[in-house]
Peer 1: 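Mind looking over this structure? Questions follow.
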Amino acid sequence: MKNTTNMFSSMKELENIQNAQTTLNYVSQTNNIRKGNHKLILNFKSQLSKDILDASKKIELGDWKISDNNTTYIIKNHNAHITKYDFYCLNDQDIEIEISALDDQRITNEETFLRLIQPINREFWVFYIQRQTIQTDSTKHEEFIPIKFPKGEIHVYSSYSTIFGGKYLIIEPQYKTNKDDLIKIQYSIAMGFGMITGYAPFDEFYIVSSNNLDFQNIIGCSFSSMRDSINSFYFSFSTNIWMLKDKVSKGKYNSYTQTQLKTMTSIDELNSDEYSPIFLNLYNNEDFARAVMILIDNTTAALDFQTAIFGVALETITTQLQKVNNTKIGTIIEKSVWSKIHDTTITTFENNIKTELDSTTISNEEKTEIIRRMKSKFNNLNQKSNLEKFIILIEATGVKLSKRDKEILDQRNRLLHGNMTTGDNTIDNAFYYAASLFSICMRTLFRQFGYKRYLVNIPIFYDFEKACIDKEQLLLQ
C-alpha cells in the first residue's frame, strides 16, 4: 500500500506557512504564505520604502530565504517578484511577493527516495495505456502505471487527497535518485504522455523526500511552478475505434476507409513493453523530447507557423536518427566510380574557374575564396539530396512512406523558410501540410521507439482530398 497522507500533509504545511521570518530587509512582519494560481504568494505588511520601490522594479529579488520553526526554504533570484503594493499608502500597507519556486533546504541534490506530485483533473491516460490497480491510504483503487527504467521501475499513479479535495499524479522512482534527475524523469514522462494521449501535464509540482520508500517519514517538501499543460490538437494514437468509424462514415473523401475498419472492434491499449521504451527514449535523448515538445506545443499556433515549426521538428528528429542509428546515407553513385570521375575532372574544373576569374578585376584573395567554395561544392556533387536523406532515415525506423508523404517532405524546405503553400485555398493547404508533417514526425518517433502497431494517418482522418486520392489507409502499421 502506498502511503500518501504524510506526503499531502507536508504539501499543505508548505502552502500555509504562518509568521515566518525572511532575509529580505524590508519584510518586518510576515503574515503567511498562501497558494495562488500555480504560484505561492507571500503576504506581509510594511512601510513603503526605497528598498521596496527598488525591488518592485526588478525582475529578480536576489537569493533569499524564508524560515518557519526548524524549516528553511530557499528562493533563488529568478523565482520571485513583488506583484502588489500601493504608492498612496505609506504605513502598514499590504505587499505581495509571488513565488514560483520554494526549495526546502533539507532536499539536497544527494540521492534519496523522492516523489514528484502534480495536481490533475482526471486520469487522462485511461483508454491509452494498460493500467493496474494499486491501493493507497487515501483510496482503494488508483490508476497505476509501472515504467521500466534501467535502474528500476518508475511508478506513476493517481491519488485522491482528502486534504486538498482533488486528484494528483504521483511519479515515484523505486530507487534512490536526486532532484535534478527526478525533474528530468518528469519531463520525459510528460512528453511521453503528450505523444500517446495528446496531453502533457505541467502547471506545477511538489517534490517530497523520505529516507524510506514507504514515505512514512517525510524529510522535506519543495514547490515549483511550471509552464502550462499542453493539449495537442492532433493525435497519432487512439484506441477509440468507434470514434474513428463515426468520423469516416461522415467523410466526403475518406469514407473508403470504412472497409479497413469494418471488422475491427477494438484497438489494444499500449502495454508495458510498448510504453516503457517511449518514456525511456525520451529520457535518454533530450533532442527527441524537444522535438515532441515542438510538435505538441504548436498544434494550436497559426497554421502557416505550424508548417514552419513542424519542419524544424523534422530536422531535429532526422539529425538524431542519423546519430543514434548510425544510418548510412550512401552516395548517388559508388564512391570508387565517383573517385575516378572526380580525379579526372577536378583539375580541369579548377583551371577553367581560374581562367575566367583572371579576366576580371577581382582581387587575388577573393579569387582564392571563390575557387575554394566552388571546389567544395564540386566535391559534394555525389551527396544525396536532403529529400533522399529524409526518406532513408525515416524509413530505416520502419515507417512506410507513401508517395504523398514523400511529396510533403519535398515541400518541407519551402515551408521551413516561411513560404506559404500555394493553391485555391491557402488556409486549407496550410492545414493539410501541417497535419501531414506532424503525422510523419510522430509516426517516425513511435517507430523509432519500437511501437509497431496501428497509428492514425492524420491527413486521412481530417478528410483532406489530396490525402485520399491514392486511397491511403486510416490506420497505418
Side-chain angles (χ1 to χ4, degrees), residues 125-130 194-199 232-271 273-275 278 295-296 299 303 306-307 310 314 390-391 394-412 421 423-425 427-477:
W125 56 92
V126 173
F127 306 124
Y128 294 92
I129 294 175
Q130 288 181 4
M195 279 185 65
I196 297 166
T197 73
Y199 179 78
S232 175
F233 177 75
Y234 306 119
F235 65 96
S236 293
F237 176 75
S238 177
T239 60
N240 193 339
I241 190 65
W242 306 111
M243 177 271 293
L244 297 175
K245 286 183 176 183
D246 181 67
K247 179 72 173 178
V248 299
S249 70
K250 301 172 182 176
K252 183 177 181 181
Y253 306 107
N254 63 9
S255 58
Y256 67 88
T257 62
Q258 292 180 86
T259 303
Q260 181 191 27
L261 305 182
K262 186 176 181 180
T263 59
M264 297 180 67
T265 58
S266 65
I267 300 175
D268 291 340
E269 300 161 341
L270 295 181
N271 60 48
D273 290 334
E274 291 173 324
Y275 65 71
I278 293 175
L295 289 165
I296 64 175
T299 60
L303 286 169
Q306 284 185 36
T307 56
F310 293 164
L314 181 68
F390 285 138
I391 292 172
I394 291 171
E395 290 190 334
T397 67
V399 172
K400 299 173 184 176
L401 291 172
S402 65
K403 175 185 174 183
R404 183 186 60 81
D405 288 328
K406 294 173 183 178
E407 291 171 352
I408 295 294
L409 292 175
D410 197 28
Q411 293 293 318
R412 174 212 56 86
T421 55
D424 296 333
N425 189 324
I427 296 299
D428 283 349
N429 265 329
F431 186 15
Y432 165 71
Y433 280 107
S436 297
L437 279 172
F438 183 95
S439 181
I440 292 170
C441 288
M442 277 297 185
R443 283 156 52 201
T444 301
L445 288 170
F446 270 104
R447 299 309 186 213
Q448 171 67 16
F449 300 160
Y451 179 71
K452 301 183 185 302
R453 294 192 290 112
Y454 287 121
L455 291 171
V456 178
N457 193 343
I458 299 173
I460 303 298
F461 177 83
Y462 283 112
D463 201 25
F464 290 109
E465 182 178 7
K466 288 181 181 179
C468 297
I469 289 175
D470 292 332
K471 307 297 182 185
E472 293 180 24
Q473 293 300 322
L474 174 64
L475 297 175
L476 301 173
Q477 280 188 302

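Quick note: numbers below take in every heavy atom, side chains included, and nothing from hydrogens, waters or symmetry partners.
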Peer 1: Y451: what forms a side chain to side chain donor-acceptor pair (under 3.5 Å) with it, not counting sequence neighbours?
Peer 2: none
Peer 1: Does any part of the side chain of I458, heavy atoms only, come nearer than 4.5 Å to the side chain of F235, both counted from C-beta?
Peer 2: no
Peer 1: Could you check T257, V248, L474 and say which one makes a side chain to side chain contact (heavy atoms under 4.5 Å, CB included) with F461?
Peer 2: L474
Peer 1: Please report the interatomic distance CE(M195) to CZ(F449), rounded to the nearest 0.5 Å.
Peer 2: 5.5 Å
Peer 1: Mark yes or no for whether S439, through its side chain, and A435, through its backbone, hold a donor-acceptor pair below 3.5 Å.
Peer 2: no
Peer 1: Report the residues that fulfil salt bridge (charged side-chain N to carboxylate O under 4.0 Å, His left out) with R404, sequence neighbours left out, ordered by chain and then residue number.
Peer 2: E472
Peer 1: How many angstroms lie between OG in S249 and CG in L244, if you round to the nearest 0.5 Å?
Peer 2: 11.0 Å
Peer 1: Is there a side-chain contact between I196 and W125 in this structure, where contact means two heavy atoms from C-beta onward sitting under 4.5 Å apart?
Peer 2: no
Peer 1: For T444 versus I440, what's the shortest heavy-atom pair and its separation?
Peer 2: OG1-O, 2.7 Å
Peer 1: Okay, side chain of K400, backbone of L476: is any donor-acceptor separation there less than 3.5 Å?
Peer 2: no
Peer 1: Check whether any side-chain heavy atom of Q306 sits under 4.5 Å from a side-chain heavy atom of L437, and report yes or no.
Peer 2: no
Peer 1: Any donor-acceptor pair under 3.5 Å linking the side chain of R447 with the backbone of I394?
Peer 2: no
Peer 1: Exactly one of Y433, Y432, Y234 should register a ring-ring contact (aromatic ring centres under 6.0 Å, His included) with F438. Which one does?
Peer 2: Y234
Peer 1: Quick check against the 3.5 Å criterion: does Q258 have a side-chain atom that pairs as donor or acceptor with the backbone of S255?
Peer 2: yes
Peer 1: For A467 and I460, which heavy atoms make the closest approach, and how far apart are they?
Peer 2: O-CD1, 3.2 Å
Peer 1: Would you confirm whether T239, through its side chain, and F127, through its main-chain N or O, come within 3.5 Å as a donor-acceptor pair?
Peer 2: yes
Peer 1: Can you give me the closest heavy-atom contact between A434 and T307, atom names plus distance?
Peer 2: N-CG2, 3.8 Å
Peer 1: Would you check, one step at a time, whether the test side chain to side chain contact (heavy atoms under 4.5 Å, CB included) holds for E269 with Y128?
Peer 2: CA-CA 5 Å; E269 300 161 341; Y128 294 92; over 6 Å; no
Peer 1: Quick one: do D246 and K250 make a salt bridge, cutoff under 4.0 Å?
Peer 2: yes
Peer 1: Ignoring hydrogens and geometry, is there a side-chain-to-backbone donor-acceptor pair from D405 to S402 under 3.5 Å?
Peer 2: yes
Peer 1: How about N254 and K247: does a side-chain donor come under 3.5 Å of a side-chain acceptor?
Peer 2: no
Peer 1: For a 4.5 angstrom cut-off between non-hydrogen side-chain atoms, does Q411 reach I408?
Peer 2: no
Peer 1: Is it the case that the ring center of F431 lies less than 6.0 angstrom away from the ring center of F464?
Peer 2: yes
Peer 1: Locate the shortest heavy-atom distance separating N457 from Q473; write the atom from each residue and the value.
Peer 2: ND2-O, 3.1 Å
Peer 1: Using the side chain to side chain contact (heavy atoms under 4.5 Å, CB included) rule, take R443 and T397 through it: C-alpha gap first, then chi angles, then the decisive distance, then the call.
Peer 2: CA-CA 9 Å; R443 283 156 52 201; T397 67; over 6 Å; no
Peer 1: Tell me whether E274 contacts the main-chain N or O of N271 through its side chain, where contact means a donor paired with an acceptor under 3.5 Å.
Peer 2: yes
Peer 1: Are R453 and L270 packed together at the side-chain level, in the sense that at least one heavy-atom pair is separated by less than 4.5 angstrom?
Peer 2: yes
Peer 1: Run the numbers on I241 and T265 for side chain to side chain contact (heavy atoms under 4.5 Å, CB included), then give the verdict.
Peer 2: CA-CA 7 Å; I241 190 65; T265 58; 5.8 Å; no
Peer 1: Are the side chain of D463 and the backbone of K252 linked by a donor-acceptor contact shorter than 3.5 Å?
Peer 2: yes
Peer 1: Quick one, L455 with L475, criterion side chain to side chain contact (heavy atoms under 4.5 Å, CB included). Give me CA distance, side-chain angles, the key distance, then yes/no.
Peer 2: CA-CA 5 Å; L455 291 171; L475 297 175; over 6 Å; no
